Amino acid sequence: MAKRKQASSQPNMPLARPPQDDSDRFENFEDIPAEEQERLIKESGLLGQVKKIHQPQSPERTVDFADEVFNTVLYVIPLVFLYGIMDVLIHQQYGQDHSMAELFKRIVSGLPFLVILVFYTHRFQTKRLAQLALLLVAAGSGGTLIYQLNRGAWKENMQRGPPLLTLWVFAVIQMDLLPCCVSLILVYGFTRWYNLSLGVVRR
């Protein structure tokens, strides 16, 4: 009788083992089956966050207008000096008197075209169509310059030589390496086809 009372006074003990949590069932993450790992990752939402972090963002080239004007000035100044130097040299080549006033007039008359050309070319420099246009300009101006200096009259050479050279140099420095090499190959092929000289200017 005493044993029954003692047994009844004890609290009810669970007969079944309580369920274990996921952390109790597996000591390490590597012990979890692959399907269970995939389910836990999807429920946690970490996979979506990782994709957002590593998702490549398309580079956007945002250039301020003031920066474009500044870049244009940086290109125009050396090009103007190049034009002036070539104008002086070609007058010396043909033994003609050179006037600084006439040179200044020619620079001022061609400066608006040069500024517009540099501004918009630099803005769309990375476009394939712009690179193709620069290739054609470089090949055309380079070939025309060499042909003009070899076959043209001296007055025409003095008038057309400096602007053609300036345009050629500008197109070359604006191009990527591949179209630049292609343009130079085209100019060289043009000079070979017409048997033109690259080092001697006719008087």
Side-chain angles (χ1 to χ4, degrees), residues 63 65-203:
V63 181
F65 179 77
D67 295 335
E68 291 182 337
V69 173
F70 180 74
N71 293 330
T72 302
V73 174
L74 289 181
Y75 275 91
V76 168
I77 292 176
L79 290 175
V80 169
F81 275 97
L82 175 64
Y83 176 86
I85 291 173
M86 290 307 303
D87 189 80
V88 173
L89 290 178
I90 200 167
H91 277 78
Q92 295 294 326
Q93 174 71 23
Y94 292 107
Q96 301 297 317
D97 295 333
H98 184 267
S99 174
M100 295 301 297
E102 293 295 330
L103 174 61
F104 183 76
K105 289 181 181 179
R106 286 192 291 270
I107 291 176
V108 171
S109 62
L111 188 60
F113 170 76
L114 181 62
V115 170
I116 295 174
L117 178 64
V118 172
F119 181 83
Y120 285 101
T121 303
H122 192 71
R123 171 179 287 186
F124 303 104
Q125 180 181 2
T126 57
K127 304 294 184 180
R128 291 185 178 180
L129 186 60
Q131 289 292 315
L132 177 61
L134 289 170
L135 190 152
L136 297 177
V137 170
S141 58
T144 304
L145 174 64
I146 296 174
Y147 185 87
Q148 179 68 41
L149 294 178
N150 280 266
R151 305 286 176 86
W154 63 273
K155 289 186 177 181
E156 294 180 355
N157 294 345
M158 288 193 301
Q159 293 177 356
R160 303 179 62 183
L164 283 174
L165 178 65
T166 304
L167 185 61
W168 187 13
V169 172
F170 169 71
V172 168
I173 63 178
Q174 287 288 330
M175 281 188 295
D176 296 334
L177 181 60
L178 180 60
C180 179
C181 295
V182 172
S183 67
L184 295 177
I185 292 174
L186 291 176
V187 172
Y188 179 75
F190 177 81
T191 57
R192 296 288 295 177
W193 179 266
Y194 285 95
N195 196 21
L196 301 176
S197 174
L198 295 175
V200 179
V201 179
R202 291 180 57 191
R203 289 182 176 271

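Residue indices begin at 1 and follow the sequence shown. Small disclaimer: the values here were computed from a predicted structure and weren't measured.
- Closest of all the heavy-atom pairs between E68 and F119 is OE1-CZ, 3.4 Å.
- Between F124 and A130, the closest heavy-atom pair is O-CB, 2.8 Å.
- With rounding to the nearest 0.5 angstrom, the CD1 atom of I77 is 14.0 Å from the CG atom of L82.
- Looking at residues two or more places apart in sequence or on another chain, you find a side chain to side chain contact (heavy atoms under 4.5 Å, CB included) between F104 and V108.
- Expressed to the nearest 0.5 Å, how far CG of L103 lies from CD1 of I85 amounts to 10.5 Å.
- Residues in residues 165-176 take part in no salt bridge (charged side-chain N to carboxylate O under 4.0 Å, His left out) pair, two or more places apart or across chains.
- Applying the side chain to side chain donor-acceptor pair (under 3.5 Å) test to Q148 and every residue at least two apart in sequence or in another chain returns E156, N157, R160.
- A search for ring pair (Phe, Tyr, Trp, His ring centres under 6.0 Å) contacts involving Y75 returns H122, not counting sequence neighbours.
- Atom CG of residue L149 and atom CD of residue Q93 lie 9.0 Å apart, to the nearest 0.5 angstrom.
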message = Quick one, L196 with R151, criterion side chain to side chain contact (heavy atoms under 4.5 Å, CB included). Give me CA distance, side-chain angles, the key distance, then yes/no.
response = CA-CA 9 Å; L196 301 176; R151 305 286 176 86; 3.5 Å; yes
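- To the nearest 0.5 Å, the span separating CZ on R123 from OG1 on T72 amounts to 9.0 Å.
- Taking the six-membered ring where the residue is Trp, W154 and Y94 present tilted rings, their angle falling between 30° and 60°.
- Residues passing the side chain to side chain contact (heavy atoms under 4.5 Å, CB included) test with K155, sequence neighbours excluded: none.
- Taking L132 as the reference, nothing meets the side chain to side chain contact (heavy atoms under 4.5 Å, CB included) condition, with sequence neighbours excluded.
- Legend: residues meeting side chain to side chain contact (heavy atoms under 4.5 Å, CB included) with L129, ordered by chain and number and at least two apart, are absent.
- The CG atom of L167 sits 8.0 Å away from atom CZ of F170, with the distance rounded to the nearest 0.5 Å.
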Could you pull out every donor-acceptor pair under 3.5 Å between side chains of residues 183-193 and any protein atom, sequence neighbours left out?
unit_1 : atom_1 : unit_2 : atom_2 : d
S183   : OG     : P179   : O      : 3.4
S183   : OG     : C180   : O      : 2.6
T191   : OG1    : V187   : O      : 3.4
T191   : OG1    : Y188   : O      : 2.6

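- Side chain of Q125 to main chain of Q174: a donor-acceptor pair is present (N/O by atom type, distance under 3.5 Å, no hydrogens or angles).
- Minimum heavy-atom separation, I146 to N150: O-ND2, 2.7 Å.
- Residue pairs that meet the salt bridge (charged side-chain N to carboxylate O under 4.0 Å, His left out) test with at least one member in residues 93-116, sequence neighbours left out, are D87-R106.
- Between L165 atom CG and L89 atom CG the span is 10.0 Å, to the nearest 0.5 Å.
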